[in-house]
Amino acid sequence: ASFLEITEAYLQRERNLQQLQRLRLQDEAINSSLSGVIISDARMPDMPVTYINRAFTTITGYGAEDIIGRNCRFLHGDDHDQPDLIRLRAALKRREGGEYILRNYRKDGRQFISQLRIAPVRNDANEVTHFVAIQTDITEKFIAERELEETRDRMEMALEGAQLGLL
């Protein structure tokens, strides 16, 4: 009987070590991401943040001590008139995910454009317990697209003006 108990304890220890190694790898992979990763507890009032990765701190300037235990809505500052913000809040109430483009503000007050992808995390009873969000700073892309649209509009106006001169 002693032999079996020791063998089972040894096998359980090995399984625990393998699981710990997987968890460490997952944690390092998430922290190596260039996108911000945020996990919020959907079971708690106001869905407070329970986890952020290093990229979130790099993007926003906020560290774990600034955000853990708080809702992320403070990132919007006073800029509440955003169509995707309204869509985001409705999706969270329905316990659904989605993709949103938001104007957010860094700790130093500078604005940035954020692409936010949110997904619900469900337990074995199919209840949403958490939300995981991936935040990507798309400010440069957003500005470039807006400048391209403005250039296209000016070009169309110039071509229309040239047509008028030929008539």
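A quick note: this is a predicted structure, and the numbers were derived from the prediction, not measured. In what follows, residues are counted from 1 in the order of the sequence shown.
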Testing the basics here: between Ile52 and Gly63, what is the closest heavy-atom pair and its distance to 0.1 Å? CD1-C, 3.7 Å
Determine whether Cys72 and Ile38 make a side-chain contact, defined as any pair of heavy atoms from C-beta on separated by less than 4.5 Å. yes
Are Arg103 and Ile113 close enough, and set up right, to give a side chain to side chain contact (heavy atoms under 4.5 Å, CB included), and what steps lead you there? CA-CA 5 Å; Arg103 293 182 302 272; Ile113 307 299; 3.7 Å; yes
Do side-chain atoms of Ser33 reach the backbone of Ser35 as a donor and acceptor pair under 3.5 angstrom? yes
Let me check something: do Val128 and Val132 share a hydrophobic cluster, defined by ILVMFWY side-chain heavy atoms less than 4.5 Å apart, either directly or through other members? no
Kindly indicate whether the side chain of Arg95, heavy atoms from C-beta on, has any atom under 4.5 Å from the side chain of Glu127. no
Out of curiosity, Arg73 CZ to His80 NE2, how far, rounded to the nearest 0.5 Å? 9.5 Å
Heavy-atom closest pair (Pro120 atom, Gly97 atom, distance to 0.1 Å) is CD-N, 3.7 Å
Got a donor-acceptor contact below 3.5 angstrom from the Arg117 side chain to the Ala133 backbone? no
Ring pair (Phe, Tyr, Trp, His ring centres under 6.0 Å) pairs touching residues 40-65, sequence neighbours excluded, are Tyr62-Phe74
Please name the pair of heavy atoms, one in Ala55 and one in Gly36, separated by the smallest distance, quoted to 0.1 Å. CB-N, 3.9 Å
Distance in Å, Arg54 CZ paired with Glu28 CD, rounded so as to fall on 0.5 Å steps: 5.0 Å
Just checking Asp108: does its CG atom have more than 12 heavy atoms from other residues, nucleotides or ligands closer to it than 6.0 angstrom? yes
Using modelled atom types only, decide if a donor and an acceptor are shared between the side chain of Asn71 and the backbone of Asp46 within a distance under 3.5 Å. yes
How far apart are the C-alpha atoms of Asp84 and Arg87, what are their side-chain angles, what is the distance that settles it, and do they pass the salt bridge (charged side-chain N to carboxylate O under 4.0 Å, His left out) test? CA-CA 5 Å; Asp84 272 8; Arg87 288 181 47 242; 2.6 Å; yes
Taking 4.0 angstrom as the limit, do Glu149 and Arg154 come out as a salt bridge? no
Minimum heavy-atom distance Asp137-Arg106, with the two atoms named: OD2-NH2, 2.6 Å
Under 4.5 Å between any side-chain heavy atoms of Thr60 and Lys107, yes or no? no
Could you pull out all residues at least two apart from Gln111 that satisfy side chain to side chain donor-acceptor pair (under 3.5 Å)? Tyr105
Between the side chains of Gln115 and Gln135, is a donor N or O closer than 3.5 angstrom to an acceptor N or O? no
With rounding to the nearest 0.5 angstrom, report the CZ to CD distance, Arg24 to Gln19. 12.0 Å
Do the side chain of Thr50 and the main chain of Ile39 share a donor and acceptor less than 3.5 angstrom apart? yes
For the atom pair CD (Glu65) and CD1 (Ile67), what is the distance rounded to the nearest 0.5 Å? 10.5 Å
Check the pair Glu8 / Arg15 against salt bridge (charged side-chain N to carboxylate O under 4.0 Å, His left out), numbers first and verdict last. CA-CA 11 Å; Glu8 183 56 36; Arg15 287 189 295 266; 3.0 Å; yes
Quick one: do Ile138 and Phe112 satisfy side chain to side chain contact (heavy atoms under 4.5 Å, CB included)? Show the steps, please. CA-CA 8 Å; Ile138 61 166; Phe112 69 101; over 6 Å; no
I'd like to know whether Arg70 forms a side chain to side chain contact (heavy atoms under 4.5 Å, CB included) with Val49, so could you lay out the CA-CA distance, the side-chain angles of the two residues, the decisive distance to 0.1 Å, and finally the verdict. CA-CA 6 Å; Arg70 295 176 67 187; Val49 172; 6.0 Å; no
Heavy-atom count check: over 12 atoms from other residues, nucleotides or ligands less than 6.0 Å from Glu140 CD? no
With the 4.5 Å side-chain cut-off for hydrophobic clustering, are Leu116 and Phe131 part of the same group? yes
Look up atom OG in Ser114 and atom CD1 in Ile59, then write down how far apart they are to the nearest 0.5 Å. 7.0 Å
Ile68 atom CD1, neighbour heavy-atom count above 12 within 6.0 Å: yes
Apply the test side chain to side chain contact (heavy atoms under 4.5 Å, CB included) to residues Leu88 and Ile118: give CA-CA distance (whole Å), side-chain angles for both, the deciding distance (0.1 Å), then the verdict. CA-CA 9 Å; Leu88 168 61; Ile118 294 184; 3.2 Å; yes
Side chains of Leu85 and His76, heavy atoms from C-beta outward: is any pair under 4.5 Å? yes
Quick one: pull up CZ in Arg110 and OG1 in Thr139 and give me the separation to the nearest 0.5 Å. 9.0 Å
Can you name the one residue among Glu14, Gln18, Gln12, Arg13 that meets side-chain hydrogen bond (donor to acceptor under 3.5 Å, both in side chains) with Asn16? Gln12
Using only atom types and a distance under 3.5 Å, with no angle test, would you say the side chain of Asn53 pairs donor to acceptor with the backbone of Val37? yes
